[in-house]
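Down below is the structure, laid out as structure tokens.
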Amino acid sequence: MKVTFTSDNTAGASESVFKAMMEAAQGDAMPYGNDEITAEVTEMLSALFECDLDVFMVSTGTAANVLSLGAITPSWGSVLCHSESHILNDECSAPEFYTGGARLVGIGGKDAKIDPVKLKALAHQKIGDVHSCQPSAVSLSQVTEVGSVYSLEEIRAITDIAKEANLPVHMDGARFANALVSLGCTPAEMTWKAGIDILSFGATKNGTMAAEAIVVFNKSLSKDLAFRRKRGGHLHSKMRLLSSQMKAYLTDDLWRKNAEQANSMMALLQEGLATIPGVKINTPAQANMVFCTFPKGMAEHLTEQGFTFCGGRWGEGVVRLVTSFRTPKESVEAFIESAKRFAEQGA
């Protein structure tokens, strides 16, 4: 088996998730989310987030993101997000399709975090001008696309500006658990208590097979979501098989344990890379992803040694390394050792 740091999507699913699916598959249950397991997942998430909320299960992160955006953005509106955000660069044109043509507007900011000053300017730009796309929503990624994490204070700075402009706020939480472990806070503190209205609660990268949840804190947004999910083709008939994955994910803190493993392996990897001459850490990892620049020839050397990772998209020598809940310590140590040998030979 190749040792990969390409993405946390390369990892399989936790054993308890498959076991839960097999158990849920026995016997009959009401379809389309009218089953006991789906209801139980809503209760579990309500307890986790310490509030009354609505949950809409889907099978992909893209569906969670774009259905959420559709619920908060009119077709003539715009979603204000970071210029490096996943919804702007890696969702094809799904956001535009599911919002009926709304525009995504990229905003700059260090470490792929939205600059509050720039956000405030755009949030109040050309309001009421019929010739202009109207600012309608804000979306932030937690973890960001470069591996950084918004602090609670940074989230609040964004949501305060959004609330002042009467804009709902969406959080793309594809790596929600990794961010939460990094901050050491509660799920409530990182979401609705910080001003988040709707969340894409990611689980697939961190242990499920194909299960994501749209978690709605501002329940006034739930009115149309059931219809949007059906119209978009994401209302699964055998919903209990999705919900059983999420139930297993939330049971016995599996979600937290998996994220802790992924984050700890990234901390070990980053620590080792920082000691290698010629390697530059571009944005210090706060969760389970890091971008760094390798000296000439190092990426090719590591590839020849059987390691896989992403490179070539972000500039010469720039690579992205991601750890998962399945990344073993031995693989991290082998990667570091191989990179060190190359650096020593080059010196």
Side-chain angles (χ1 to χ4, degrees), residues 9 31-35 38-39 41-42 45-46 49 51-82 85-105 135-142 145 162 167-176 187 191-192 195-206 208-243 245-246 249:
N9 287 315
Y32 302 112
N34 297 305
D35 59 276
T38 299
V41 166
T42 298
L45 285 169
S46 180
F49 285 97
C51 68
D52 184 30
L53 46 74
D54 289 329
V55 176
F56 296 84
M57 291 296 302
V58 293
S59 56
T60 71
T62 296
N65 280 339
V66 299
L67 287 170
S68 295
L69 295 179
I72 61 177
T73 317
S75 58
W76 61 86
S78 63
V79 179
L80 308 181
C81 56
H82 195 274
S85 66
H86 192 86
I87 61 170
L88 183 59
N89 297 296
D90 296 285
E91 299 285 27
C92 192
S93 59
E96 291 83 354
F97 181 80
Y98 278 85
T99 58
R103 180 177 299 166
L104 272 64
V105 176
S136 301
V138 176
S139 178
L140 60 89
S141 302
Q142 183 77 320
E145 291 303 294
L167 305 180
V169 184
H170 163 253
M171 176 180 282
D172 177 356
R175 296 184 173 92
F176 182 89
T191 53
W192 63 271
I196 301 298
D197 294 292
I198 189 167
L199 163 71
S200 298
F201 182 73
T204 304
K205 295 178 186 297
N206 195 43
T208 65
M209 186 188 80
E212 312 274 313
I214 300 172
V215 179
V216 186
F217 303 110
N218 180 354
K219 296 182 70 173
S220 67
L221 301 174
S222 299
K223 180 180 178 181
D224 300 330
L225 253 173
F227 295 98
R228 289 182 180 277
R229 181 173 61 172
K230 176 62 177 179
R231 180 176 181 267
H234 291 285
L235 178 61
H236 288 253
S237 61
K238 298 182 181 179
M239 189 68 76
R240 71 184 189 273
L241 299 182
L242 266 70
S243 298
Q245 297 176 58
M246 187 62 73
Y249 184 68

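Tyr249 pairs with exactly one of Thr204, Asn206, Thr208 by the side-chain hydrogen bond (donor to acceptor under 3.5 Å, both in side chains) rule, that one being Asn206.
With rounding to the nearest 0.5 Å, the separation of CG in Leu88 from OG in Ser141 is 10.0 Å. In this structure, CZ on Arg228 lies 15.0 Å from CG on Leu235, to the nearest 0.5 angstrom. Between the OG atom in Ser136 and the CH2 atom in Trp76 there is a gap of 7.5 Å [rounded to 0.5 Å]. In this structure, SG on Cys81 lies 8.0 Å from CG on Asn89, to the nearest 0.5 angstrom. Rounded to the nearest 0.5 angstrom, Ser85 OG and Asp90 CG are separated by 8.5 Å. Rounding to the nearest 0.5 Å gives a distance of 9.0 Å between CD1 of Ile196 and NE2 of His170.
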For side-chain contact (heavy atoms from CB on, under 4.5 Å), just list the numbers for Phe217 and Thr191, CA-CA rounded to whole Å, side-chain angles, deciding distance to a tenth of an Å, and then say yes or no. CA-CA 9 Å; Phe217 303 110; Thr191 53; 3.6 Å; yes

Test side-chain contact (heavy atoms from CB on, under 4.5 Å) on Ile198 and Asn218 and set out the steps. CA-CA 7 Å; Ile198 189 167; Asn218 180 354; over 6 Å; no

Would Leu199 and Phe49 count as a side-chain contact (heavy atoms from CB on, under 4.5 Å) if you check the C-alpha gap in whole Å, the side-chain angles of each, and the deciding distance to 0.1 Å? CA-CA 11 Å; Leu199 163 71; Phe49 285 97; 3.6 Å; yes

Check the pair Leu167 / Leu80 against side-chain contact (heavy atoms from CB on, under 4.5 Å), numbers first and verdict last. CA-CA 10 Å; Leu167 305 180; Leu80 308 181; 4.3 Å; yes

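When every heavy atom of Gly33 is checked against every heavy atom of Met239, the shortest pair comes out as N-CB, 3.4 Å. When all heavy atoms of Ala213 and Val55 are compared, the pair lying nearest together is CB-CG1, 4.1 Å. When all heavy atoms are compared, the tightest approach of Val138 to Ala162 is CG2-CB, 4.0 Å. Across all their heavy atoms, Ala64 and Glu212 have their closest contact at CB-CB, 4.4 Å. Here the closest non-hydrogen pair linking Lys205 and Asn9 is NZ-ND2, 3.0 Å. Considering all non-hydrogen atoms of both residues, Ser139 and Val79 come closest at CB-CG1, 3.9 Å.
Here the side chains of Ile72 and Asp197 are not in contact, with every heavy-atom distance at 4.5 Å or above.
Checking side-chain atoms of Asp172 against main-chain N and O of Ala174 turns up a donor-acceptor pair under 3.5 Å. Here the side chain of Ser46 pairs no donor or acceptor atom with the backbone of Thr42 at under 3.5 angstrom. Proximity of a side-chain donor or acceptor of Arg229 to a complementary backbone N or O of His236 within less than 3.5 Å is not detected.
When the shell of 6.0 Å around NZ of Lys223 is examined, it contains 12 or fewer heavy atoms from other residues, nucleotides or ligands.
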Solution key, residues 95-104 side-chain donor-acceptor pairs under 3.5 Å, sequence neighbours excluded:
unit_1 : atom_1 : unit_2 : atom_2 : d
Tyr98  : OH     : Gly232 : O      : 3.1
Tyr98  : OH     : His234 : NE2    : 3.3
Thr99  : OG1    : Pro95  : O      : 2.7
Thr99  : OG1    : Glu96  : O      : 3.3
Thr99  : OG1    : Ala102 : N      : 3.1

